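Contents: one structure, followed by commentary.
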Amino acid sequence: MQRIKTFKTLTRAAAAASFLAIQAVICIGTVYWAVAATLRMEGTAAIVLGAIFALPSAYVLMVVTRMAYDAETDPANQ
């Protein structure tokens, strides 16, 4: 079967991806805040920790976007 790509399915995929991405950013931000507060990081150390968190965060956002697209354009879900 072929994927259904209409304006409606793509806007639904974008809405689902943005919702899941916001939830992921909240969770990742909470973990970052907890680690930085526990270790009493400030200034440069906090920026370095943020850089360490950036790569896995980008990967999670990519996976979430792909998952939402696959779910919304799958003909079995229509």
Side-chain angles (χ1 to χ4, degrees):
M1 299 203 68
Q2 193 174 18
R3 293 205 176 274
I4 300 170
K5 296 176 199 162
T6 63
F7 181 74
K8 188 176 184 180
T9 58
L10 294 178
T11 54
R12 286 180 181 173
S18 64
F19 173 76
L20 293 172
I22 289 169
Q23 296 299 317
V25 167
I26 289 170
C27 292
I28 292 166
T30 303
V31 171
Y32 167 79
W33 171 76
V35 170
T38 301
L39 299 176
R40 294 186 177 138
M41 292 183 162
E42 295 178 358
T44 305
I47 292 172
V48 170
L49 182 65
I52 292 170
F53 271 59
L55 187 62
S57 300
Y59 177 73
V60 166
L61 296 179
M62 182 183 66
V63 168
V64 162
T65 303
R66 183 65 185 180
M67 182 180 63
Y69 176 78
D70 288 343
E72 292 296 330
T73 59
D74 189 11
N77 290 338
Q78 303 300 319

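If you're wondering where the values come from, they're calculated on a predicted model, not measured in any experiment.
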Review point. Can you find a pair of side-chain heavy atoms, one from Arg12 and one from Lys8, that are under 4.5 Å apart?
Key: yes

Study note, to complete from the structure: Between the CD1 atom in Ile47 and the CE atom in Met41, the distance rounded to the nearest 0.5 Å is 12.0 Å

Exercise for review: Could you state whether Leu39 and Ile28 fall into the same hydrophobic cluster, counting links through intermediate Ile, Leu, Val, Met, Phe, Trp or Tyr residues with side-chain heavy atoms under 4.5 angstrom apart?
Suggested key: yes

Review point. For the hydrophobic clusters of this structure (ILVMFWY residues joined by side-chain heavy atoms under 4.5 Å, transitively), does one cluster hold both Leu20 and Val63?
Key: no

**Study point:** Single-linkage hydrophobic cluster Phe19~Leu61, side-chain heavy atoms < 4.5 angstrom
**Key:** no

**Study point:** Side chain Thr65, main chain Ala17, donor-acceptor under 3.5 Å
**Key:** no

**Study point:** Shortest non-hydrogen contact from Pro75 toward Gln2
**Key:** CG-O, 3.0 Å

Check your understanding: Which of these passes ring pair (Phe, Tyr, Trp, His ring centres under 6.0 Å) with Phe53: Tyr59, Tyr32, Trp33?
Key -> Tyr32

Check your understanding: Would you say Arg3 has more than 12 foreign heavy atoms packed within less than 6.0 Å of its CZ?
Key -> yes

Study note, to complete from the structure: Distance col, row Gln23:CD vs Ser18:OG, nearest 0.5 angstrom, shows 10.5 Å

Point to revise | Partner set under salt bridge (charged side-chain N to carboxylate O under 4.0 Å, His left out) for Asp74, not counting sequence neighbours | key: none

Practice item. Could you check if a side-chain atom of Thr9 sits within less than 4.5 angstrom of a side-chain atom of Thr6, using non-hydrogen atoms only? Key: yes

Practice item. Measure from the side-chain N and O atoms of Tyr69 to the backbone N and O of Val64, and report whether any donor-acceptor pair falls under 3.5 Å. Key: no

Review point. Which heavy atom in Ala24 sits nearest to a heavy atom in Val60, and how many Å separate them?
Key: CB-CG1, 3.8 Å

